[in-house]
Amino acid sequence: MKRIFSGVQPTGNLHLGNYLGAIRNWVRLQADYECLYCVVDLHAITMPQDPVALKNATREVAASLLAAGIDPAHSIVFNQSQVGAHAELAWIFNCIARIGWLNRMTQFKEKAGKQRDSASAGLYIYPNLMAADILLYKATHVPVGEDQKQHLELTRQIAGSFNSTYGVELFPMVEPLILGAATRVMNLRDGTKKMSKSDASDFTRINLTDSPDAIVQKIRKAKTDPNPLPEAAQGLEERPEAANLIGIFAALSDDSVESVCRRFAGAQFSAFKEQLATLAIDTLAPITGEMRRLLADVSYIDRTLREGAEKARAIADPILRETQSIVGFLRP
Ligand code: AMP
Ligand code: TRP
């Protein structure tokens, strides 16, 4: 049986990269699988957060997931800190993972930057908590953007090491699901950097809460090169900004990059950008509207997260108990 788990950090507005790389796929997977979707507030505090802003962002991200089409009657939607078992299993994994494995993680290197010694210890062991999120439910498939691939490899390594250390077949080997034509959406101003919540300039990303006007402006001002659109995907090599915009178009229209190139072969970017903006607005406006409606009643969101957490605990608790017993914790 397949069980899906994925997570998103409540550290600011969701953007088009989160949507195309992850959330849109989460919505689609609900039709065929049992799914758990988690707002990972424990992960968020690996970097400094304002407490009031963190609570608001948790509700906003939850509202975006519901607005995008995640149905809480069908999938389990909750915030991580309500299920204590995540932190408990993460502790066990802190003692399974080797320092050398963590030293290879590129996300830590990027986020810690030059100030490694002043990064939190939590930021360093972040991938162990992510492994716990997934394995606490024995999830088999994890839909994410490309940037999370390395963390999922570490999750497999932890699962394998736990199983062989204790001579058990407890944890499954999880598979990443990296789906669609835009698994790594890039910064609109610099096609070599990924689109990110934390970039200082808002013109680098399209937020799920942006107005149609803002979307038009941001796409108009997006960096491109002076050449027209190529006839085939091959013509996008060494053109990161062009490749990004065409990839976004392909993902939004559920088409391939190849076919978008054929359709716009030889066109100027100004004309292509107008159509891209319309497509982005048509996709995002209904989500933004629904999000606003949901946020007008935070009690509904809070209740949904509380009920989701209860359902999550019902799956997680027996798996945590089993793990603790295997490790040798006495629970009379
Ligand atoms: P985060 O915002 O880092 O919590 O990421 C939540 C989900 O969105 C993860 O599955 C990421 O892989 C995905 N994601 C984040 N940024 C991007 C991006 N620029 N392109 C594609 N997917 C992304
Ligand atoms: N690390 C992921 C990110 O930044 C978020 C995350 C936390 C996650 N736990 C997870 C994703 C478990 C998938 C599964 O995008």
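Residues: numbered from 1 along the sequence shown. We count ligands from 1, going down the list as the structure has it; atoms in each ligand are counted the same way.
Summary of contacts: the protein heavy atom closest to atom 5 (C) of ligand 2 is Gly7 O, 3.6 Å. Atom 19 (N) of ligand 1 has as its closest protein heavy atom Val185 O, 2.8 Å. The protein non-hydrogen atom at the shortest distance from atom 9 (N) of ligand 2 is Asp133 OD2, 2.7 Å. Annotation: atom 22 (N) of ligand 1 to nearest protein heavy atom, Gly17 O, 3.1 Å. Here the heavy atom of the protein found nearest to atom 12 (O) of ligand 1 is Asp147 OD1, 2.4 Å. Nearest protein heavy-atom contact of atom 4 (O) of ligand 2 is Tyr126 OH, 2.8 Å. Atom 6 (C) of ligand 1 has as its closest protein heavy atom Asn18 ND2, 3.5 Å. Shortest contact from atom 4 (O) of ligand 1 to any protein heavy atom: Gln9 N, 2.9 Å. Ranking the protein heavy atoms by distance from atom 16 (N) of ligand 1 puts His15 CE1, 3.5 Å first.
Using a 3.5 Å distance cut-off with no hydrogens or angles, the side chains of Gln82 and Glu310 do not pair a donor with an acceptor. Ser75 and Gln30 share a side-chain donor-acceptor pair at under 3.5 Å. The closest side-chain donor-acceptor pair between Asp210 and Asn207 falls under 3.5 angstrom.
Ranked by closest heavy atom to atom 1 (P) of ligand 1, the top entry among Met186, Lys197, Met195 is Lys197.
Between His86 and Phe78, the ring-plane angle classifies as tilted under the 30° and 60° cut-offs.
Taking a cutoff of 4.0 Å between a charged side-chain nitrogen and a carboxylate oxygen, Asp147 and Arg184 do not qualify as a salt bridge.
Contacts with ligand 2 closer than 4.0 Å are made by no heavy atom of Asp147, backbone or side chain. Contact annotation: for Val144 versus ligand 1, heavy atoms closer than 4.0 Å belong to both the backbone and the side chain.
Ring pair His151/Tyr126: centre-to-centre distance below 6.0 Å.
Considering both main-chain and side-chain atoms, Ser6 never comes within under 3.5 Å of ligand 1 through any nitrogen or oxygen pair. For ligand 1, the polar-atom distance check against Ala22 finds no nitrogen or oxygen pair separated by under 3.5 Å. The shortest N or O to N or O distance between Ser6 and ligand 2 is not below 3.5 Å.
Side-chain atoms of Lys197 come within 3.5 Å of backbone atoms of Gln9 as a donor-acceptor pair (strictly under, hydrogens ignored).
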